[in-house]
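Just so it is clear: chains get the letters A, B, ... in the order the sequence lines come, proteins before strands, and each one is counted from 1.
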Protein chains: 2
Amino acid sequence: MNRKKNSITVADVARAANVSKATAARVLGGYGVASESTRRSVIEAADRLGYQPNELARSMSTGRTGLIGVVVGDIENAFFSRAVRGISDTARAAGLNVVIANSGERPEQEREMVSVLLRQRVAGLIVAPTDDRDVRHLKDAIKAGTPVVTLDRWVPDLGADGVCGGDHAAATEVMEHLLVNGHRRIAYVTAVDLTDGRLSDLSDIPISAVRERVRGFMDAMHGTGIANSATFVRGGAVDSRSIDGIIDGLLTDEQRFTAILASDSLIGAEIYRSLSARGIRLPKDMSLVSWFDADWTRVTSPPVSIIDQPTYLFGQTAVKRLIARLEGQAIPPDQIVIPTPFIARGSTGKSRTTG
Amino acid sequence: MNRKKNSITVADVARAANVSKATAARVLGGYGVASESTRRSVIEAADRLGYQPNELARSMSTGRTGLIGVVVGDIENAFFSRAVRGISDTARAAGLNVVIANSGERPEQEREMVSVLLRQRVAGLIVAPTDDRDVRHLKDAIKAGTPVVTLDRWVPDLGADGVCGGDHAAATEVMEHLLVNGHRRIAYVTAVDLTDGRLSDLSDIPISAVRERVRGFMDAMHGTGIANSATFVRGGAVDSRSIDGIIDGLLTDEQRFTAILASDSLIGAEIYRSLSARGIRLPKDMSLVSWFDADWTRVTSPPVSIIDQPTYLFGQTAVKRLIARLEGQAIPPDQIVIPTPFIARGSTGKSRTTG
DNA sequence: TTGTACGCGTTATCAA
DNA sequence: TTGATAACGCGTACAA
């Protein structure tokens with residue numbers, strides 16, 4: 001066993017302070033009792049030697065790591081990085097440390113990351129599950145005693161708490177706004193991979209957040225007597241190229257679309273860019289609404305109407321719930337819905353066909 | 001000692017497979033030798049019981065964690081989150097895991113986070129140091145055998161490798177562009193806290209990246225015979241309010257400023273917004289350049305000229321260097337400079353005073 | 001108030 | 001090819 005670094009241990013400190021290992025451990029660990037004099041000499045010896053407690057050994061001994069694992073879809077997405085900030089700040093304040101991992105919105109990688117974190121013996125997990133139908137790894141974690149809180153997404157039969165936005169309500173709110181302004185041909189654009197880019201059934205959408213929004217979208221459409229609203233949903237919006245393709249499709253469609261809903265701010269930005277490049281003016285030629293209050297939505301002309309998702313709060317709430325679980329609260333798992341209000345800005349106006 | 005979760009251990013697997021602990025450990029750990037038959041029965045027992053190796057115990061035994069610690073200024077800043085992505089991807093590919101922490105650009109918190117990571121026994125550290133003059137914690141880490149690579153910033157006497165942008169060169173390039181276009185009254189806006197918001201000496205800037213840019217900025221100004229260029233540097237740009245104040249100051253200054261350099265993309269976005277709100281037109285009334293190719297710079301009208309910092313590459317490079325250190329390469333620590341080219345877009349044009 | 005001795009789950013050494 | 005057994009650094013009954 002070739003130890004690489006030989007860091008200072010309690011034994012070293014004990015020796016230097018002429019006390020037993022146990023005594024040194026007690027004052028350094030801040031538990032048990034010790035006389036003022038020995039306490040002083042131990043502490044003196046400790047920072048003379050530059051003692052740094054070994055958190056690994058401590059965890060082995062106590063059985064708890066004080067670590068919480070977080071698996072997000074993409075840390076580069078401000079949606080998630082802000083949530084991570086909320087998680088970190090709140091966890092830190094509670095004396096917990098945070099380990100972050102990316103799933104890249106890929107189920108295999110999500111499973112892999114969860115496994116890594118479990119082997120690291122995290123006390124609990126916060127995960128934004130990539131696919132509703134593929135959550136056995138999360139169920140296993142829960143069964144093995146590691147509480148899980150889902151972030152931004154809700155998986156009913158998982159048995160975990162979930163913190164999500166009010167997706168159906170937000171979609172309804174946006175649609176009301178658009179319908180009142182005379183819009184009827186409205187498209188919903190998402191990154192979700194749909195067969196052929198088109199939606200055949202709601203259950204094809206494996207992420208509850210998106211599914212609920214689309215459900216709200218379609219409910220509203222049906223309410224106005226539009227039957228084929230499923231054809232107004234476009235999937236596969238994953239990069240500039242695919243989004244250019246979708247925009248081209250929408251612009252040349254026999255349905256003369258007057259408004260677009262972007263399922264997240266990355267898609268929103270690409271749509272904005274694509275429309276600008278094609279000389280489409282907002283809101284005159286087209287209205288645009290994006291989920292998430294991203295920086296870019298405030299500097300465009302006109303600024304872009306958004307659904308405000310307070311993801312810092314999402315994260316904060318998720319941690320609080322997780323901590324409650326860690327403390328042994330045995331209430332049934334449930335869904336915590338955080339309101340995500342629609343904020344109208346300049347990118348939405350009256351439909352050109354009526355206004 | 002109340003163990004909370006009693007996970008399956010090698011001992012359990014060994015018992016189930018009717019072999020000794022040592023044998024089970026060998027096949028599960030993938031080291032040593034074992035006959036094909038025992039290997040099979042051990043593996044069968046392992047995944048029948050759902051064995052998950054305890055990484056903590058493994059680390060205790062081997063003395064290495066396979067963890068690398070990262071301390072960034074703010075994970076919410078796309079500059080850093082992209083770097084973190086570069087770090088994660090590269091580290092993961094090398095079989096290392098990543099623990100991320102925020103310093104909030106505050107020295108105390110940076111020290112605290114480094115300490116936390118060290119206690120976690122990370123194999124190495126990647127840090128964006130908040131203050132050049134306050135790096136004893138990093139020196140201590142290095143001395144104790146944990147290699148450090150600084151990110152985006154270079155601290156000469158630290159004895160650590162550093163991955164940075166070509167800050168002086170980029171500033172020079174931008175300034176050439178602006179000077180050629182007739183600009184002379186150019187302001188540099190940074191978040192760095194300067195006494196009274198004004199710069200008295202370059203050494204007041206505790207972050208090499210900013211210092212080098214300002215140095216390039218002032219060199220170029222001096223080159224045109226402008227002596228008091230230090231007064232063109234404005235500090236304390238930390239939020240909307242302070243930036244509004246700075247913009248107001250610049251617009252009413254007796255120097256009729258025609259161009260502004262934003263030290264990062266958060267500042268850039270706020271400046272853009274502040275200028276727009278005041279009816280200042282780009283580039284007619286004012287030219288603007290921002291560091292970092294943030295999303296928002298591409299959707300404004302006109303799009304904003306930037307200095308492109310490939311921070312994914314920064315992160316990737318930092319990890320590679322760190323791994324080289326972990327493998328024991330004993331070359332002297334040095335600075336790795338990554339080019340950060342100026343990309344002219346619509347926000348920079350001829351100075352109104354000459355054009 | 002202090003010290004002894006064992007356990008946590010692994011790896012690694014050395015005999016068998 | 002296997003199995004006992006001692007580390008690793010810390011917490012913690014229990015005894016002194």
Side-chain angles (χ1 to χ4, degrees), chain A residues 1-43 45-46 49-66 118-121 123 144-145, chain B residues 1-42 45-46 49-67 118-121 123 144-145:
Chain A
M1 230 183 295
N2 42 334
R3 212 130 309 305
K4 336 194 74 167
K5 312 174 201 171
N6 16 10
S7 33
I8 316 295
T9 73
V10 277
D12 299 324
V13 175
R15 209 171 303 120
N18 282 314
V19 297
S20 76
K21 228 175 50 174
T23 303
R26 271 190 289 256
V27 356
L28 293 174
Y31 58 93
V33 286
S35 75
E36 196 46 45
S37 61
T38 55
R39 152 165 281 111
R40 263 207 310 274
S41 66
V42 167
I43 288 181
L49 297 178
Y51 170 75
Q52 294 257 50
N54 184 328
E55 218 54 62
L56 273 69
R58 186 170 279 177
S59 295
M60 283 239 35
S61 229
T62 61
R64 58 200 120 91
T65 56
L118 252 24
R119 291 200 290 262
Q120 231 82 258
R121 295 300 190 262
Chain B
M1 231 181 292
N2 41 336
R3 214 131 307 304
K4 334 195 76 165
K5 312 172 199 172
N6 14 10
S7 34
I8 317 294
T9 73
V10 278
D12 299 323
V13 176
R15 209 171 302 121
N18 281 314
V19 296
S20 76
K21 222 175 59 174
T23 303
R26 272 191 291 258
V27 355
L28 293 174
Y31 59 95
V33 286
S35 76
E36 196 46 46
S37 60
T38 55
R39 152 164 282 112
R40 264 207 310 273
S41 66
V42 167
L49 297 178
Y51 170 75
Q52 293 256 52
N54 185 327
E55 218 55 62
L56 273 68
R58 184 169 281 176
S59 295
M60 282 240 27
S61 212
T62 60
R64 58 201 121 89
T65 56
L67 246 47
L118 252 23
R119 292 200 289 261
Q120 231 82 257
R121 295 299 189 261

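Comparing atom distances between the B:Arg64 side chain and each of D:dG9, C:dA12, D:dT2 picks out C:dA12 as nearest. Of the candidate nucleotides C:dC8, D:dG3, C:dT10, C:dT10 has the atom lying nearest to any side-chain atom of B:Val10.
Comparing A:Arg58 and B:Ser35 against DNA chain D, the residue whose closest nucleotide sits nearer the 5' end is B:Ser35. Judged by closest nucleotide on DNA chain C, A:Ala24 is the one of A:Ala24 and A:Lys21 placed further toward the 5' end. In terms of position along DNA chain D, the nucleotide closest to A:Thr9 lies nearer the 5' end than the nucleotide closest to the other residue of the pair A:Thr9 and A:Arg26.
Atom CD1 of A:Ile8 is separated from atom P of D:dC8 by 14 Å (rounded to the nearest Å). Taking atom CG of A:Asn54 as the reference point, atom C1' of D:dG9 lies 6 Å away to the nearest angstrom. One interatomic measurement links the two molecules: CZ of B:Arg15 to P of C:dG9, which rounds to 11 Å at whole-angstrom precision. When rounded to the nearest whole Å, the span between CD of A:Gln52 and C1' of D:dG9 equals 14 Å. Straight-line distance from the CG atom of A:Leu56 to the P atom of D:dG11: 12 Å, rounded to whole Å. Atom CZ of B:Arg40 is separated from atom C1' of D:dT1 by 16 Å (rounded to the nearest Å). Put simply, CD on A:Glu55 is 15 Å from P on D:dG9, counting in whole angstrom units. Remark: P of C:dG9 and OH of B:Tyr31 are 15 Å apart, rounded to the nearest angstrom.
Scored by the salt bridge (charged side-chain N to carboxylate O under 4.0 Å, His left out) test, A:Arg58 finds A:Glu55 as partners (sequence neighbours excluded).
Between B:Asn54 and A:Arg121, some side-chain heavy-atom pair lies under the 4.5 Å cut-off. Taking 4.5 Å as the limit, some side-chain heavy atom of B:Leu28 sits within range of a side-chain heavy atom of B:Val42.
Nucleic acid contact for B:Ala22: base, since at least one base atom lies under 4.0 Å from a heavy atom of the residue. Counting non-hydrogen atoms under 4.0 angstrom, B:Ala25 reaches a base of the nucleic acid.
Residue A:Thr23 has a polar side-chain atom (N or O) positioned under 4.0 Å from OP1 or OP2 of C:dG3. Considering only side-chain N and O atoms, A:Ser61 lies nowhere under 4.0 angstrom from the phosphate OP1 or OP2 of D:dG9.
Screening residues 12-29 of chain B for salt bridge (charged side-chain N to carboxylate O under 4.0 Å, His left out), with sequence neighbours left out, gives B:Asp12-B:Arg15.
Here the CG atom belonging to A:Leu49 is positioned 9.5 Å from the OG1 atom belonging to A:Thr9, to the nearest 0.5 angstrom.
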